[in-house]
Structure formats: structure tokens, C-alpha cells
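Computed from a prediction, not measured in an experiment: that's the story for all the values here. We count residues from 1, following the sequence as given.
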Amino acid sequence: GGRKSTDPVDTAANRIARAAITAKLKADGRAVKDVDKDQLAAAIAKLAATDAVRKAAAKEVKERAALAEASLADIDI
């Protein structure tokens, strides 16, 4: 396998891109397994690098962090 990023925004962007590509393939009546692995990885990387996906990923990470912070405030450990 390739190198995985530890940056939460990169991880979220890749997840969003993979979900969008999977949905597009399903809408076209195709399966992810029918697409060349390298071609799929390149498409995910390309989509994950777009401004729209990066902004959505950054927002998701920020919201998740805020939710965790709020939830942890009520926990006494």
C-alpha cells in the first residue's frame, strides 16, 4: 500500500472523495471493484485535492473537534 497521511483534513478529504466517486460509479451502474485500483486511487487523490473537497473536509474536522470538546467537558476523568 501507499503512505497514509496522518493529517485529519487529508484523511477526511480522501474519505469524502472516495464516497463521491463510489456514489458516481453506482449511479452509472458500475462497481468500485470494476475500476483499476491505480486509476481509482488517482481519481480519489485528484478529487481530494480540489478546493471544494478540502473546504468540506476542514469543516468536518473542525465540527468533529468542537463536538468532542463539548462532549468531553461533561466527562470527569
Asks: What are the two closest non-hydrogen atoms of A13 and A57, and how far apart are they?
Replies: N-CB, 3.4 Å
Asks: Apart from V9 itself, what residues make up its hydrophobic cluster, given side-chain heavy atom links below 4.5 Å?
Replies: V61
Asks: Quick one: closest heavy-atom pair of A17 and A48, and the distance?
Replies: CB-N, 3.7 Å
Asks: Please collect all side-chain hydrogen bond (donor to acceptor under 3.5 Å, both in side chains) contacts where either partner lies in residues 60-69, sequence neighbours excluded, each pair once.
Replies: R15-E60, E60-R64
Asks: Please report the interatomic distance CD1(I16) to CD1(I21), rounded to the nearest 0.5 Å.
Replies: 12.0 Å
Asks: Return the CZ to CG distance between R18 and L40, rounded to the nearest 0.5 Å.
Replies: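 R18 atom CZ to L40 atom CG measures 5.5 Å (nearest 0.5 Å).
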Asks: Any side-chain hydrogen bond (donor to acceptor under 3.5 Å, both in side chains) involving residues 30-59? Give me the pairs, sequence neighbours left out, ordered by first then second residue.
Replies: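 Qualifying pairs, neighbours excluded: D10-R54.
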